[in-house]
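Inspection log for the structure reproduced underneath, given as structure tokens.
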Amino acid sequence: MNDIYDKLMAVAKRRGFLYPSYEIYGGEAGFYDYGPLGSLLKNNIENVWRKFYISQEGFYEISTPVITPYEVLKASGHVDEFIDEIGTCIKCNASFKVEELKDEKCPICGGRVKKGKLNLMFETFIGAKKNKHAFLRPETAQGIFVNFPMLYEFFRRKIPFGVVQIGKGFRNEVSPRQGIIRLREFSMAEAEIFFSEEKKKHHRFMEIKEEEMRLLLNEEEMKMKLGEAVETGIIGNEALAYYMALTKNFLLTVGIDENKLRFRKHKEDELAHYANECWDAELYSERFGWIECVGIADRSAYDLQAHMKASGAEMRVFEKYEEPRIEKRKVIRLKMDKIGPIFKDKAKIVKEKLENMEIVNEEKITVEIDGKVYEIGKELYEIEEIEEKVTGRRYIPHVIEPSYGIDRIFYFILEHNYKETKKEGEKYVILSLPACIAPIKAGVFPLVNKDGLPEIAREIEKGLRKKGIMVVYDDSGSIGRRYARMDEIGTPFCITVDYQTKEDDTITIRFRDTTEQIRLQRQKLADWLKERIEF
RNA sequence: GCGGGCGUGAUCUAGCUGGUUAGGAUAUGAGCCUUCCAAGCUCAAUGCCCGGGUUCGAAUCCCGGCGCCCGCACCA
């Protein structure tokens, strides 16, 4: 095969974007290195992401360990749920999910089936004695959840708030075949936004409700405005819709082709153990088809609840009512001096059960202990109605989580912007990256290698570097060759010093996508560039 | 993880019916030339995926591993 993927990966390797990891030792499937240009590009993508989520949304970034103790992931459900149980037929080699099997026999040929379990997390051990079981995190989210009590304080106990993390996640994939699309160690950018449970309204929903989205629902594709999708319940709440719009905006900003983007709703049976609704931003690849690159999930109160239960930490927030409410409540007053002698050693359990019970029928109260039902005689208790001043309520916040696969987005940016044209019969490659993420912002060239032009070009290079603009100087080969080199790595602008520069202090700027040129005063160059590489 | 195909400089490839200084092209570096889109000339550096076996001798044949591709399965 020699499709866009092969061509792209060849350029990516040759030009220092991506290298297969540990290649001199034969390589290791599921791992890729980012080369010099790849690292620049990836950092730029992450920084645009930061601008969206930190500068604009006002969230904060934290950074937590990759190594995660067993009990954290036990509590979160990953130890039990992040498992594949596979049966493989000894005879015909077909594989099945274990749930699909009846009576341990292969549904195809009737042969015997060998069972295997597979937890997709990488295991490790902490400490010199290596006796503390741990995992490499499968998602960065848990690092945020376990810090919730501190973060809630940091945000001065105001909800909603958002916390983000960009970092590595690990999954020991069974068969990582699709290059950088399916990695065992990968970068993700995740945001966890905490909402009061039932509301999940979003204060900027107004701004995005007219946004038209391409949605995929049960294999059926439709175009719909976000406002309508929320009204009809296709999208469960405003917050989900808002982050779908934000995701779309982000992806288009970093160079994703709008025609190759859609949002697909997870079906019930494919939802992760922690999610009750999830929308994937899927990007289209000529090689791989539609691939999920961002997951926007409603994780409800699942994670905080799980950690509260397992650790005992308070994960609830307090919401003060505008006015304290007087609530009337019926409580049961037990006459322990009578209950004690009757129930003896079970008296304590009876007390606990009764005190926590909701009183439905005042006349007949029963309690169940070890499967036996006991009726509690009227002489053993009194029902009293009390008034209580309630100043607020406690609840576990719900979480909306947009989670981005940076490596996949990286790949799709390359694929969507890879353009092959012909120049004088020869194949010519342009990577049309948006200026905000291009690894090199400009090439600086002397038109010819004499008459003082290189010296001027060097000065310009130095000046731009000093202003923090990533540029490269190049004086080798013909000017056309130098343009071509820059086009291939996505450099949006080329600055050329020619003889006119010596006369009037102007330079030419050549545009990558159009090859058009303009002249500009040398002094204005840095600002001109800065304006264009911001987004 | 299973089955099939493949593995030669950074890239594409010749050689693969055992014996060659392993050839070419592109890209890269140095130099010459060059007044705006991969021109040309000279020179240079880089390779038989790894390990074992057969053989006097292995890029070439055999076995194992690793990687890549295709199918099955898996994929919050």
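The sequence lines fix the lettering, A, B, ..., with proteins before strands; numbering per chain opens at 1. These values consider heavy atoms only, across backbone and side chains, with no hydrogens, waters or symmetry-generated copies.
Across B:A38, B:G29, B:C70, the shortest atom-to-atom separation from the side chain of A:Ala484 is found for B:A38. The side chain of A:Glu173 lies closest to B:C75, out of B:A10, B:C75, B:A38. Checked against B:U28, B:U34, B:C69, the side chain of A:Arg287 finds its nearest nucleotide in B:C69.
Taking atom C1' in both B:A27 and B:G9, one finds a spacing of 11 Å when rounded to whole Å. Taking the C1' atom of each, B:A58 and B:G18 are spaced 6 Å apart, rounded to whole Å. Between B:U60 and B:A22, the two C1' atoms lie 12 Å apart (nearest whole Å). Going from the P atom of B:G57 to that of B:U20 covers 14 Å, rounded to whole Å. Going from the P atom of B:A44 to that of B:C49 covers 26 Å, rounded to whole Å. The separation of B:A25 from B:G47, taken at their C1' atoms, amounts to 15 Å, rounded to a whole angstrom.
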Polar atom pairs (N or O), protein with nucleotides 65-67 of chain B, under 3.5 Å:
residue, atom, partner, partner atom, Å
B:C66, O2', A:Gly26, O, 3.3
B:G67, OP1, A:Ala29, N, 3.4
B:G67, O4', A:Gly26, O, 3.1

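Close to B:U28, at under 4.0 Å from its OP1 or OP2, lies a side-chain N or O of A:Arg481.
Put simply, CE on A:Met188 is 17 Å from P on B:C75, counting in whole angstrom units. A:Arg177 places its CZ atom 12 Å from the P atom of B:G1, with the value rounded to the nearest Å.
Here A:His273 and A:Tyr302 bring their ring centres to under 6.0 angstrom of each other.
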